[in-house]
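Scroll down for the structure; my scribbles are underneath it.
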Amino acid sequence: MPDLPNIHAISVLVLTLIALFLFSREKIQLETSSLVVLVILTIGFELFPFEQNETSLNPVSFFYGFGHEALIAVCALMIVGQGIVRTGALDAVGRWLAQLWLLAPRFTFLITLLLAGLLSAFVNNTPVVVLLLPILIGVSIRVGSSASSILMPMGLATLVGGMATTIGTSTNLLVVSVAADLGLERFNMFDFFLPAIIAASAGIFFLWLVAPKILPERTTMLADTSPRIFSASLAIPEGSYADGKPLSELMERTDNQMHVKRIVRGESVLMPLPDITVHFGDTLHLQDTPKALKEYEKLLEAELFSGGKAVDDDHPLQAEDQQLAEMIVTQGSALVNRTLNQVNFVDRYQLVTIALHKAGTKRQLLKADIANVRLQVGDILLVQGAREKLASMKREGDMLVLDATTDLPTTKKAGLALVIMGAVIALAAIGVLPIAISATLGALAMLLSGVIAWRDVSNALSTPVILIVVVSLALGLALTKTGATIYLADVYLYLTAGMTPKMILSGLILLMAVLTNIVSNNAAAVIGTPIAISIAEGLNLPPEAFVLAVLFGANMSYATPMAYKTNLLVMNAGNYTFGDFLRVGIPLTVIMWLVLSWLLPVSYTHLTLPTKTV
């Protein structure tokens, strides 16, 4: 067993374990965990300076991640991607898919998976999922099939395709940048495209042919598309319980569940203030479920009317121009970490919330419980409102509207957004500009051309992603400078002693794949990259294949819903369980692991030949 490293290296290793534990806790916000770890790291090295073998470590250098080119590229690509989303630049593709799906569903499903993977190789997979989720749910509603057999395969296809280029995911950018910082020649955009696309093809075919068959049928909240909230009025008869009572007392009698929109008295419309007294002849205008409305009618001894007629078997409640929609809270939404009451959701959007599914759980909260629940990314609301209100909500982009009855928003800037994105990719691909510079130039072009505004920029940027990247880079620096990565590499080589380099490489892929499904994929990638290089140096082999082992393994966020943010979006949209992800994600991980374990040594045929270290 290798000798223990210095006390600083041991301390950093312990802190890394603590960080990985914190990153996996759902009850602790990722940005909070990241900041805690960063502060501990900087204070620790400030109080206990590190100097060894003419190597020192300035604690201020742990903040260099905020200006690291990988983070700049990630943020700039988020902004450019927001321009694609805001303009509906890819919606023409979506409409074409929706039409084709009705003609040849099985063939179109394959086309959808391939397209999802291909787009994700160049665009962050979140806007791709945001584009395809409403289309697939709308198609499933129209044909009367379950959306659960196609949503998860689509979401995982974006992860499979995202590993094909250096800009496909933030994980790829980080691995490539960290490896370059450590002295390796920088990977170009398509340097690992071939092995990635071969492995992705195997994964896509599994998602197309096998995954739908092993996924159980799940009923989404939108399976019943009939309205559930109705507008009605309660006429107050003479001598009824409500006659002569203040509105506050009537509210108490309904356990404060009744919400009066307005009170009509003769020709006057009164505000529903608590101290106003209700009299014979008044009409209370409400909006609620049929069961609740009938209960209020009984409790207040009133008469229920809808459309000017008394509600009975011959004249049921009416809900004209009302539609149901599922809405997912997405990154950058005004609802993240806030409650519906705090954002005045009803007044702001003119929508009624019927139910809530919390991200990562099977718990469903009903109407009475929702208003004061703090919302997180991935939470899904079942709402009802007028068609124009739902369309307006979709245009604002504050939430992802999963309802195919509303038109997909497009603007005259959509073509320009695509041109800018294409230019960003092309400039980086042919080597004219590094991706950090080309993406920043693209973000500026989006702003100057009016494709997006600064409000969209703030919505595009993700605080958790920024902080996890910064703290991961800081931990990676500390591990490298203190010699902890060399120690971990020695331990790994000790445990795999007697194995061939190909088996050691395969084991590294599997180790990263397991780690990325438990903690942040970015953290796993940044911490794993210097370790991979140290392993290669210990074997006296070129490090490129080992770096790619980390890159591919860290992208295999398939087996748990919390492994990647789009998994949570898909989980709630398809009403999946944790076990559903295991059922599909584990076989997919095994397929990708086996294919890549064969492909990487084949791609790097010199892997088994001793050579000079880099």
Side-chain angles (χ1 to χ4, degrees), residues 109-125 128 152-176 179 187-211 214 501-517 521 524-525 528-529 532 542-560 563-564 566-567 581 584-605 607:
F109 182 36
L110 174 59
I111 296 297
T112 302
L113 296 178
L114 292 172
L115 188 62
L118 182 62
L119 288 174
S120 296
F122 302 99
V123 182
N124 183 284
N125 72 325
V128 178
M152 186 188 295
M154 178 276 295
L156 295 180
T158 65
L159 297 179
V160 167
M163 65 184 186
T165 67
T166 56
I167 66 169
T169 66
S170 58
T171 303
N172 299 2
L173 280 166
L174 285 168
V175 170
V176 169
F187 286 98
N188 293 318
M189 184 176 291
F190 296 104
D191 276 358
F192 47 87
F193 185 81
L194 184 59
I197 209 68
I198 294 173
S201 298
I204 292 291
F205 273 91
F206 167 79
L207 293 171
W208 178 45
L209 298 173
V210 180
I214 61 178
K502 294 180 181 179
M503 295 173 66
I504 294 173
L505 181 74
S506 176
L508 184 59
I509 297 174
L510 184 60
L511 177 62
M512 299 305 300
V514 172
L515 192 59
T516 197
N517 281 282
N521 55 332
T529 302
E544 288 84 2
F546 291 88
V547 170
L548 290 181
V550 170
L551 186 149
F552 290 139
N555 271 292
M556 296 183 192
S557 309
Y558 314 139
T560 61
Y564 204 82
T566 51
N567 288 6
F581 272 87
V584 173
I586 290 177
L588 179 59
T589 299
V590 171
I591 290 171
M592 299 295 287
W593 169 54
L594 292 175
V595 174
L596 287 166
S597 295
W598 168 70
L599 278 173
L600 280 182
V602 170
S603 302
Y604 293 83
T605 54
L607 184 62

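In terms of heavy atoms, A164 sits closest to N172 at N-ND2, 4.4 Å. Considering every non-hydrogen atom in both P601 and L596, the closest pair reads CD-O, 4.1 Å. For the residue pair M556 and N517, the shortest heavy atom distance occurs at O-ND2, 2.8 Å. Between A179 and T529, the shortest heavy-atom contact is N-CG2, 4.0 Å.
Among residues two or more places apart in sequence or in another chain, the side-chain contact (heavy atoms from CB on, under 4.5 Å) test is passed with L599 by P195, I198, A199, V595. Among residues two or more places apart in sequence or in another chain, the side-chain contact (heavy atoms from CB on, under 4.5 Å) test is passed with I214 by F206, V210, R583, V584. Among residues two or more places apart in sequence or in another chain, the side-chain contact (heavy atoms from CB on, under 4.5 Å) test is passed with N567 by L156, L159, A563, Y564, F581. The side-chain contact (heavy atoms from CB on, under 4.5 Å) check on L115 picks up V93, L97, L119, with sequence neighbours excluded.
With F192 as the fixed residue, the side-chain contact (heavy atoms from CB on, under 4.5 Å) test singles out one of I197, V547, L551: L551.
In this structure, the side chain of T516 engages the main chain of A554 through a donor-acceptor pair within 3.5 Å.
Contact check for I167 versus M189: side-chain heavy atoms found under the 4.5 Å cut-off. No side-chain heavy atom of V176 sits under 4.5 Å from any side-chain heavy atom of D191. Side-chain contact between F546 and V550 is absent, with no heavy-atom pair separated by less than 4.5 Å.
Evaluation of the side-chain hydrogen bond (donor to acceptor under 3.5 Å, both in side chains) test over residues 154-166, restricted to residues two or more places apart or in two chains, returns N125-T158.
For F205, the CZ atom counts as loosely surrounded, since its 6.0 Å shell holds 12 or fewer non-hydrogen atoms of other residues, nucleotides or ligands.
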Listing, residues 585-593 side-chain donor-acceptor contacts under 3.5 Å, not counting sequence neighbours, or none:
| from | atom 1 | to | atom 2 | distance (Å) |
| --- | --- | --- | --- | --- |
| T589 | OG1 | G585 | O | 2.8 |
| W593 | NE1 | S506 | O | 2.9 |
| W593 | NE1 | S506 | OG | 2.9 |
| W593 | NE1 | S597 | OG | 3.4 |

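Note: T566 OG1 to M154 CE = 8.5 Å, rounded to the nearest 0.5 Å. Put simply, CG on L548 and CZ on F187 are 4.0 Å apart, with the number rounded to the nearest 0.5 Å. Here the CE-OG1 distance, from M163 to T171, works out to 12.0 Å after rounding to the nearest 0.5 Å. Taking CD1 of I204 as the start and CG of L113 as the end, the distance is 5.5 Å to the nearest 0.5 Å. Between atom CG of residue N555 and atom CE of residue M512 there is a gap of 10.0 Å, rounded to the nearest 0.5 Å.
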Exercise. Passes side chain to side chain contact (heavy atoms under 4.5 Å, CB included), V160 versus Y558? Steps please.
Worked result: CA-CA 9 Å; V160 167; Y558 314 139; 3.8 Å; yes

